[in-house]
Undergrad: 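Dropping the structure in here first, questions after.
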Number of protein chains: 2
Amino acid sequence: MTPRGTDASAGADPVSGRTREALRAAHLYYMQDLTMEAIAQELRTSRSSVSRLLSHARASGLVEISIHSPLDLPSRIEQDVLARFGIAAHVVPVPDHATDVDRLDRVALSAARILGRFVDSNQTIGVAWGSTMSAMSRHLVPKATHNTEIVQLNGAGNGRTTGILYASELLRRFGDAFGARVQQFPVPAFFDDPATRRAFWRERSTRRLLELQAGMDVAIFGIGSPFAEVPSHVYQGGYLDRTDYDALSRDGVVGDVATVFYRADGSTDGIAMNERATGPDFAVLRRAPRRVCVVSGRAKIASLAGALAAGLITDLIVDEGTARALLES
Amino acid sequence: MTPRGTDASAGADPVSGRTREALRAAHLYYMQDLTMEAIAQELRTSRSSVSRLLSHARASGLVEISIHSPLDLPSRIEQDVLARFGIAAHVVPVPDHATDVDRLDRVALSAARILGRFVDSNQTIGVAWGSTMSAMSRHLVPKATHNTEIVQLNGAGNGRTTGILYASELLRRFGDAFGARVQQFPVPAFFDDPATRRAFWRERSTRRLLELQAGMDVAIFGIGSPFAEVPSHVYQGGYLDRTDYDALSRDGVVGDVATVFYRADGSTDGIAMNERATGPDFAVLRRAPRRVCVVSGRAKIASLAGALAAGLITDLIVDEGTARALLES
DNA sequence: AAGCCGACTGCACAAACGTGCAAAATGGGC
DNA sequence: GCCCATTTTGCACGTTTGTGCAGTCGGCTT
């Protein structure tokens, strides 16, 4: 009775039979513990295809894997960070001997996978750029949203390379992952002349973007550490010259968020470079109710502490060693 | 600086270093995509131990794997069941040629894994018994709850075997999985004499249990199908004799839920056996806001249809073939 | 119609994984 | 303090899974 009723109407279904098969494979694999071999038989395909189907199911968010600490033993470190700084921390375990490159990759990967918790429909999401954000962007797990908007926090152009392309690719990845519109910010990272910036800021197109930033629900950013041994993207990319460095040094700068510089106490007043920078004023940034910061590496501890002092962060994703060192500082 | 700070205080931590390690392994494996080999090095143990740690993490609910249909393509069948019967269906994919034993196992496994959605703190959970419930009980994924109570829906003793042990084992598994108290119902499945039952029902200890049943938040049960080729547990276990069968047949019975029998139209009035049965009256059962039924196999379609007619079910977990056949009936 | 391009498939191999077993470790009980 | 019962560990093996590659299919262009 009802022979091969399964795909009676399969031909009539134009949309993504792919997704449908991926879902079925996921059920069979994750809910029923069949082997891929067995699933291949049920789906009349090869084992390798099932493997790929399952990869697709994971990468596209059909399958979600989450980890719950039993509530009685939340990570000690996360508790301590909450107690001391009043923010939610997500500590990523990384062995102490890992290189900074390793650290960054692993934190970015973890961050990408939990980002879905922060993103939802009808939101405006501010996104910065840099090596951390770039690594994250390559591992985002898609999540369907409606009417969500990704807005670039700061310009990415410079005299030499077309940072624009780099940033737009990064933004595009975020947009794709969440089915969101993307608002680029096509300006250089730093203007040469503060006056040019002020002029630009009066342009209607710029003001529209600044208004979007002012209404952000979530901001996502890394942290720049100008004087660390492993310089952040901004400091390698030819965005700053010798003179700029000296100025930052004189002003007592310890880090930047979206190319806006700050001191160890979190203050920004009188830092000349900020007159030429394109990132949002911290007062604007702090209007976003959720401000997610992704950091890795001990080199960034001073910068991170400054950002905390400035009250820029509500949710911190950080590697274990850095979190521990932060608590000891 | 801070050399091997990792386990500086490990010795001072008496509680489940096991769970802590499992969590860490899970992070590394599921969030950071490390291989077990790499994790073994980080945890200073063998690869096999990591494999076991991860198994433990999954089986104990530290790691949760869930599958989301994109909202634009929920299973067609689930939609149809909702439209026709007004209940939420969870359809478990099973190939058409699977044996009924296979079907039952696979449905029970899937059911066990989604049961967590229905169970929460401060609830009273009614649990029946039978081959389906038994298979489920072996795969429950633990979930921490407080003040939750598991209450047995119907007696399990019979003249020959100590069904009591069997049922109590089943109940215990539910209790363990949810950290809940367990209320056994130490009576036979059927009394020999209706009068004995009535007497028993007046006992204080019995009344306490019946009150618990009356206040259930969730009921979980399979479906018995007395006249199907593959008889349910109740019908193999020596609970009924020839005379009983004939009586059921004469009364037009098509199935039972927790040893209470009903006809195709869902009615129970005048079915003699029910005078001697120990399961809850359907009026009582229907007071539970959530009533989860787990069924598999085409043989049970008539019984399932009857239970639906009786309005016993709010959430149905069922194999694909049976769901399809139900819709065609 | 031929041709090109990208996406998908199955094969074959290497890598990663699960599990029975014996040895080692742990932790009460006397 | 020692001993036995139980649990945990690492090894070795067989199984299961990921992936580069070459071949195929379908759609689109010229």
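The figures that follow rest on heavy atoms only: side chains count, while hydrogens, waters and symmetry mates do not. Each chain gets a letter, A, B and so on, in the order the sequences are listed, and its residues count up from 1.
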Undergrad: Is a side-chain donor or acceptor of Glu78(B) paired with a backbone partner of Val91(B) at a separation under 3.5 angstrom?
TA: yes

Undergrad: Please report the distance, rounded to the nearest Å, between NE2 in His56(A) and P in dG18(D).
TA: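 Going from His56(A) (NE2) to dG18(D) (P), I get 15 Å.
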
Undergrad: Checking Ser110(A) side chain against Val92(A) main chain: does a donor-acceptor pair fall under 3.5 Å?
TA: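 No.
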
Undergrad: Between Glu37(B) (CD) and dG18(D) (P), how many Å, whole number?
TA: 17 Å

Undergrad: Considering residues at least two apart in sequence or located in another chain, which fulfil the side-chain contact (heavy atoms from CB on, under 4.5 Å) criterion with Ala108(A)?
TA: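 Partners of Ala108(A) by the side-chain contact (heavy atoms from CB on, under 4.5 Å) criterion, ordered by chain and then number, come out as Ala135(A), Met136(A).
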
Undergrad: For Leu43(A) and dC8(C), give me the distance from atom CG to atom P, rounded to whole Å.
TA: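 Going from Leu43(A) (CG) to dC8(C) (P), I get 16 Å.
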
Undergrad: Between Arg44(B) (CZ) and dT9(D) (P), how many Å, whole number?
TA: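 It is 15 Å, rounded to the nearest whole Å.
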
Undergrad: Need one value for Ser49(A): base, sugar-phosphate or nothing, where a base atom within 4.0 Å counts as base even if backbone is also close, heavy atoms only.
TA: sugar-phosphate

Undergrad: Polar atoms only, N or O, under 3.5 Å: list the protein pairs with nucleotides 18-24 of chain C and their distances.
TA:
unit_1: dG18(C); atom_1: OP2; unit_2: Ser51(B); atom_2: OG; d: 2.7
unit_1: dG18(C); atom_1: O6; unit_2: Arg47(B); atom_2: NH2; d: 3.0
unit_1: dG20(C); atom_1: O6; unit_2: Arg52(B); atom_2: NH1; d: 3.4

Undergrad: Salt bridge (charged side-chain N to carboxylate O under 4.0 Å, His left out) with Arg173(A): which residues, sequence neighbours excluded?
TA: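 Once residues adjacent in sequence are excluded, the partners of Arg173(A) under the salt bridge (charged side-chain N to carboxylate O under 4.0 Å, His left out) criterion are Glu169(A).
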
Undergrad: Considering only residues two or more places apart or on different chains, which pairs with a residue in residues 26-43 of chain A satisfy salt bridge (Lys or Arg N to Asp or Glu O under 4.0 Å)?
TA: Asp33(A)-Arg113(B), Glu42(A)-Arg106(B)

Undergrad: Side chain of Arg103(A), backbone of Asp96(A): donor and acceptor closer than 3.5 Å?
TA: yes

Undergrad: Determine whether Arg24(B) and His27(B) make a side-chain contact, defined as any pair of heavy atoms from C-beta on separated by less than 4.5 Å.
TA: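 No, every pair of side-chain atoms sits at 4.5 Å or beyond.
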
Undergrad: side-chain hydrogen bond (donor to acceptor under 3.5 Å, both in side chains) with Ser121(B): which residues, sequence neighbours excluded?
TA: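 Once residues adjacent in sequence are excluded, Ser121(B) has no partner under the side-chain hydrogen bond (donor to acceptor under 3.5 Å, both in side chains) criterion.
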
Undergrad: Measure from CG on Leu53(A) to P on dG10(C) and round the result to the nearest Å.
TA: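 Answer to the nearest Å: 11 Å.
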
Undergrad: If we fit an axis to the first five pairs and another to the last five of the helix from dA1(C)-dT30(D) to dC30(C)-dG1(D), what angle do they make, to the nearest 10°?
TA: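 Overall, the helix from dA1(C)-dT30(D) to dC30(C)-dG1(D) bends by 30° from one end axis to the other.
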
